[in-house]
Amino acid sequence: MPEPSTYDRIYAAARRIPRGRVSTYGWIAELAGVPGAARQVGYAMAALPAHTTVPWHRVINAQGRVSIRAGGDPRLEQRFLLEAEGVAFDANGRVSLERFGWRGRRRKEE
DNA sequence: GCAATGACGCTCT
DNA sequence: CAGAGCGCCATTG
């Protein structure tokens with residue numbers, strides 16, 4: 001069987017994010033086994049369907065800010081979802097990665 | 001197979 | 001702390 005594509009790894013890593021915690025694209029990329037491919041993480045998230053089971057809303061950028069897609073401001077929805085999980089935003093709409101930032105530790109080290 | 005794109009990251013100013 | 005510039009890698013056309 002063929003090995004999972006980078007996107008699949010990214011989705012798997014995103015699913016590992018516990019509820020009430022947030023991760024960054026860089027960490028997800030690292031967990032996916034492709035460090036430095038933070039852009040692909042965001043790209044993969046953008047390719048996610050609306051009915052996906054992946055907690056994409058728990059994935060934010062390394063600046064602790066919620067990235068935005070095209071159109072209006074879908075970031076508000078992501079913020080709402082995170083707040084519903086217990087993640088607090090500051091007045092600037094920023095999340096304290098020091099508090100909610102969860103770095104998934106990879107089980108397989110090589 | 002090559003060129004362009006893209007929910008990004010890090011460093012310097 | 002905020003803003004701007006360069007580099008990164010995988011997917012799509």
Side-chain angles (χ1 to χ4, degrees):
Chain A
M1 50 176 282
E3 22 189 281
S5 300
T6 307
Y7 273 38
D8 292 318
R9 292 187 184 177
I10 292 170
Y11 299 145
R15 276 191 195 122
R16 287 177 206 157
I17 305 175
R19 182 174 167 284
R21 290 280 187 274
V22 292
S23 190
T24 72
Y25 297 97
W27 298 343
I28 295 296
E30 193 174 335
L31 288 170
V34 281
R39 305 189 88 163
Q40 273 52 258
V41 178
Y43 201 62
M45 291 293 139
L48 275 173
H51 51 71
T52 183
T53 58
V54 179
W56 58 272
H57 56 269
R58 289 180 195 151
V59 184
I60 61 180
N61 55 27
Q63 297 172 11
R65 278 225 190 215
V66 178
S67 302
I68 179 177
R69 244 195 314 165
D73 353 82
R75 53 193 244 184
L76 290 177
E77 183 176 324
Q78 184 167 5
R79 171 173 169 176
F80 182 81
L81 289 168
L82 289 174
E83 286 186 315
E85 295 194 344
V87 179
F89 281 75
D90 69 352
N92 269 333
R94 226 152 77 193
V95 183
S96 301
L97 292 173
E98 300 294 321
R99 245 171 81 93
F100 300 100
W102 177 83
R103 283 189 181 209
R105 28 177 176 166
R106 27 192 187 173
R107 31 192 93 161
K108 275 215 224 168
E109 192 54 58
E110 50 179 315

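When reading the values below, keep in mind they use all heavy atoms of this one structure, side chains included, and skip hydrogens, waters and symmetry mates. Reminder, nothing fancy here: chain letters follow the sequence lines and each chain counts from 1.
- Taking the side chain as every heavy atom from C-beta outward, A:Arg9 and A:Leu31 never approach each other to under 4.5 Å.
- Linking ILVMFWY residues whenever their side-chain heavy atoms come closer than 4.5 Å, directly or via other members, leaves A:Val22 and A:Phe80 in distinct clusters.
- In this structure, CG of A:Leu82 is placed 13 Å from C1' of B:dA7, rounded to the nearest angstrom.
- Every side-chain contact (heavy atoms from CB on, under 4.5 Å) that A:Ala37 has, sequence neighbours left out, goes to A:Val34, A:Gln40.
- Shown here for A:Ala62 and A:Thr24, the closest heavy-atom pair between the two residues is CA-CG2, 3.8 Å.
- Residues passing the side-chain contact (heavy atoms from CB on, under 4.5 Å) test with A:Tyr11, sequence neighbours excluded: A:Tyr7, A:Asp8, A:Ala44, A:Met45, A:Ala47, A:Leu48, A:Val54.
- In plain terms, the two heavy atoms of A:Ala32 and A:Ala13 that are nearest each other are N-CB, 4.2 Å.
- Of the two residues near DNA chain C, A:Gly36 and A:Tyr43, the one whose nearest nucleotide lies more 5' is A:Gly36.
- Along DNA chain C, the stretch of nucleotides lying under 4.0 Å from any heavy atom of chain A spans, 5' to 3', C:dA2 to C:dT11.
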Sugar-phosphate or base contact per nucleotide [nucleotides 8-13 of chain B; S, B, -; heavy atom under 4.0 Å]: BSS---

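- The two residues A:Trp102 and A:Trp27 come nearest to each other via the heavy atoms O-CE3, 3.5 Å.
- Note that the CD atom of A:Glu77 and the CZ atom of A:Arg79 stand 13.5 Å from one another [nearest 0.5 Å].
- For the segment residues 44-52 of chain A, the set of residues with a heavy atom within less than 4.0 Å of an atom of DNA chain B comprises A:Met45, A:Ala46, in numerical order.
- At a threshold of 4.0 angstrom between heavy atoms, the contacts of A:Arg65 with the nucleic acid are absent.
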Donor-acceptor contacts, no H, no angles, side chain residues 83-101 of chain A, under 3.5 Å, sequence neighbours left out:
from    : atom 1 : to      : atom 2 : distance (Å)
A:Glu85 : OE1    : A:Gly20 : N      : 3.4
A:Glu85 : OE1    : A:Arg58 : NE     : 2.8
A:Glu85 : OE2    : A:His57 : NE2    : 3.2
A:Glu85 : OE2    : A:Arg58 : NE     : 3.2
A:Glu85 : OE2    : A:Arg58 : NH2    : 2.7
A:Asp90 : OD1    : A:Asn92 : N      : 3.0
A:Asp90 : OD1    : A:Gly93 : N      : 2.8
A:Asp90 : OD1    : A:Arg94 : N      : 2.3

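- Residue pairs that meet the salt bridge (charged side-chain N to carboxylate O under 4.0 Å, His left out) test with at least one member in residues 38-57 of chain A, sequence neighbours left out, do not exist here.
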